[in-house]
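The structure under discussion appears below in the form of structure tokens.
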Amino acid sequence: MNATPTALSLLNRVFGYPAFRGHQEAVIDRVTQGGDALVLMPTGGGKSLCYQIPALLRDGCGVVVSPLIALMQDQVAALNELGIAATFLNSSLTGPEAYRVEQDFLAGRLQLLYVAPERLLTPRFLELLERARVALFAIDEAHCVSQWGHDFRPEYLGLSALHERFPDIPRIALTATADAQTRREIRERLQLEAAQEFVSSFDRPNIRYTIVEKADARRQLLRFLQDHAGEAGIVYCGTRKKVDDLAASLAAEGHAALPYHAGLPQEDRRRHQERFLREDGIVMVATIAFGMGIDKPDVRFVAHLDLPRSIEGYYQETGRAGRDGEAAEAWMAWGLQDVAAQRRFIEESEAGEQHKRVGHAKLDALLGLVEAASCRRVALLGYFGEASGPCGNCDNCIEPPTLWDGTEAARKALSAVFRTGQRFGAGHVIDVLLGKPTEKVTQWGHDQLAVFGIGAELEGRPGDDKRWRSVIRQMAVRGWLAVDHDAYGALRLTEAARPVLRGEVQVMLREQAARRGKEKRARRAVEGLAQGDEALFDRLRNWRRQTALVHNVPAYVILHDATLRNIAGARPATLAELGEIAGIGATKLERYGAEIVAVVTECPPRLESKPPL
Ligand code: ADP
Ligand code: ZN
């Protein structure tokens, strides 16, 4: 006879993990004992276990409310792979299929049932709930009740009915949306007044943040992608056209790149998303239409080729990388034109004055982040109200930017803008500063101005176009130069520029680091593996790809990269040894153990020395 399982024994045996993370254990205790909980954890923090384990420990079936049908399928597939009796009830099922699920539910044959909110609230389903044994209600993506948030789902408002009709069944609400306002709304609208709150840090320590200035964005991206060959990632672009062009050009360079944006036919979008989820190493080039509900754990990088709208947006988008806790990269290239484009976008929107002000303020906060000379993570977390110290895993920590005294350069730039009449863009102003007699310069007589050529030297070195662009960009971000989006990016002086022009403030500028983040890195997934083990890792990946095809599930549902890496490093020769590896639970061992051990034993062991010829 088995003793009653404990949370930890289930974690070890069913999920194959050695220990709980963060608040998981406390949340599980609370809910298992029948209490309500409100759980705030960042993406990838491990929210699912917080309701899955209590559902297994308590009598009856756990009912999970989830807003996206596409998500339910993969989650259920992953649970089934662990040997858990889970299924879903949503509009993708036929009548007879749904009926079968209902019967299984009533008969107590299910451990977890995923339901869409609109289905849950039908009289028919509420009546089923009265007759079935329910272990708990889990409300995933609970921020969908917030009418101010961008994911608002009116059906979520009806979920307070659960508390009214089933006051004795514990409820757990989970979200990755942090701010206090949303938290308050969740409590009120879901009637979770008695819920204990578990708030985790929103740091994602495994994500490395790098932000570079655009020089030749496509080339910079290709260089970045070299370090991520064969890995899955997302490249965000600002427009549909750019998505199409870039996806085509990456594909021509040999990358497995696919486009995704709202202008593509539904069928193409579905197919591309499916390939991204199921195949290894697809690069999705997309607008922000792509991402909501993508919980693929092994996305290794998120690149932004245009400036995001806000820090919230940036954090949410980059948060799609590295959900499995393995090293991942968030990389952004931005330029002054992005700023002008966004300002124009805000101004031209139909929104009221207040919305526009908020839009500009959010953009300003983001610009503060991209121009920061100190730790990016401190700035990001600080924006969300969380204090932290320098992280050691962002570009500014790894390679602190050099600052230089740009007081004179700033004055020269402002003079050049002023003397040329505040009606030209950065390109022309820089030509004047450098003393280039271009056609446009001579046509306007700007070669006759006193400012012509005053910037030919910068700090005793020959000035150049790139360095001046960086100066102007930094001045624009600090609000000394305004970019007039109605006049093709013409630069203007602002009120705030006066003291700078008069030389009353010292201006420290960042050195333009042309090759930031250049250091070549090993492929993330095999980091730390010896060479012979890398070969085994590749074989294991091949085996996983085949197995995933046969089971018709995404590869990560079979086993995670981290687990494959542990196997490749440990080379278990027996089932018992394999069972010791994190990520291998009892069901996986039973299902795949023999095959995996065969792959391991067939792969020649690491080469200690050169083999004889
Ligand atoms: P969230 O829903 O918070 O984004 P998930 O529940 O999808 O996160 O978990 C993220 C990943 O972390 C999953 O791959 C999951 O298997 C893994 N994970 C969760 N808890 C643990 C743990 N205690 N030990 C190891 N891995 C874990
Ligand atoms: Zn840092």
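All ligand and atom numbering here is 1-based and tracks the order in the structure. Nothing fancy with the numbering, it's 1 onward along the sequence.
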Under 4.0 Å, heavy-atom basis, I'd like to know which part of Ala176 is in contact with ligand 1: side chain, backbone, both or neither.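 For Ala176, there is no contact with ligand 1 at all, from either part.
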Per-residue contact class, Phe20 against ligand 1 - non-hydrogen pairs under 4.0 Å: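 Backbone only; the side chain of Phe20 stays clear of ligand 1.
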Please confirm whether [X] approaches ligand 1 to less than 4.0 Å, judged on its heavy atoms.
X: Pro42; answer: yes
X: Gln24; answer: yes
X: Gly325; answer: no

Smallest separation among heavy atoms of [X] and [Y], with atom names:
X: Ile558; Y: Tyr592; result: CD1-OH, 3.5 Å
X: Glu329; Y: Ile207; result: C-CG2, 4.4 Å
X: Ile288; Y: Tyr236; result: CA-CE2, 3.9 Å
X: Leu82; Y: Val14; result: CD2-O, 3.4 Å
X: Arg30; Y: Ala194; result: NH2-O, 3.2 Å

Just going by heavy-atom distances, which of Gly46, Ala562, Pro18 is nearest to atom 8 (O) of ligand 1?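 Looking at heavy atoms only, Gly46 sits closest to atom 8 (O) of ligand 1.
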Only one of Arg565, Arg300, Arg204 passes salt bridge (charged side-chain N to carboxylate O under 4.0 Å, His left out) with Asp324; say which it is.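 Of all the options given, the one that passes is Arg300.
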Considering non-hydrogen atoms of the protein only, which is the closest contact for [atom], and what is the distance?
atom: atom 16 (O) of ligand 1; result: Tyr17 OH, 2.7 Å
atom: atom 23 (N) of ligand 1; result: Ala19 O, 2.9 Å
atom: atom 12 (O) of ligand 1; result: Arg21 NH1, 3.2 Å
atom: atom 11 (C) of ligand 1; result: Arg323 O, 3.7 Å
atom: atom 13 (C) of ligand 1; result: His560 CE1, 4.0 Å
atom: atom 6 (O) of ligand 1; result: Ser48 OG, 2.5 Å

Applying side-chain contact (heavy atoms from CB on, under 4.5 Å), run through Leu120 and Leu162 and close with a yes or a no. CA-CA 9 Å; Leu120 182 87; Leu162 292 180; 3.8 Å; yes
Check each atom of ligand 1 against the heavy atoms of Leu49 and keep those under 4.0 Å away; list them by number with element.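 In order of number, 19 (C), 20 (N), 21 (C).
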For ligand 1 and Met41, I'd like to know whether there is a polar contact (N/O to N/O, distance under 3.5 Å).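 No; every N/O pair is 3.5 Å or more apart.
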Under 3.5 Å between any N/O of Thr43 and any N/O of ligand 1: does that happen in this structure?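 No, Thr43 has no N/O under 3.5 Å of an N/O on ligand 1.
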Just say parallel, tilted or perpendicular for the rings of Tyr209 and Tyr314, cut-offs at 30° and 60°.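 Tilted: the ring planes of Tyr209 and Tyr314 meet at 30° to 60°.
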Could you check whether the rings of Phe276 and Phe290 sit parallel, tilted or perpendicular, using 30° and 60° as the cut-offs?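 Taking Phe290 first and then Phe276, their aromatic rings stand perpendicular (interplane angle over 60°).
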Where the Zn ion (ligand 2) is the corner point, what angle links SG of Cys394 with SG of Cys391, to 10°?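 Answer comes to 110°, rounded to 10°.
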Give a yes or no on whether a salt bridge exists between Arg275 and Asp280, defined as a side-chain N under 4.0 angstrom from a carboxylate O.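 Answer for the salt bridge query: no.
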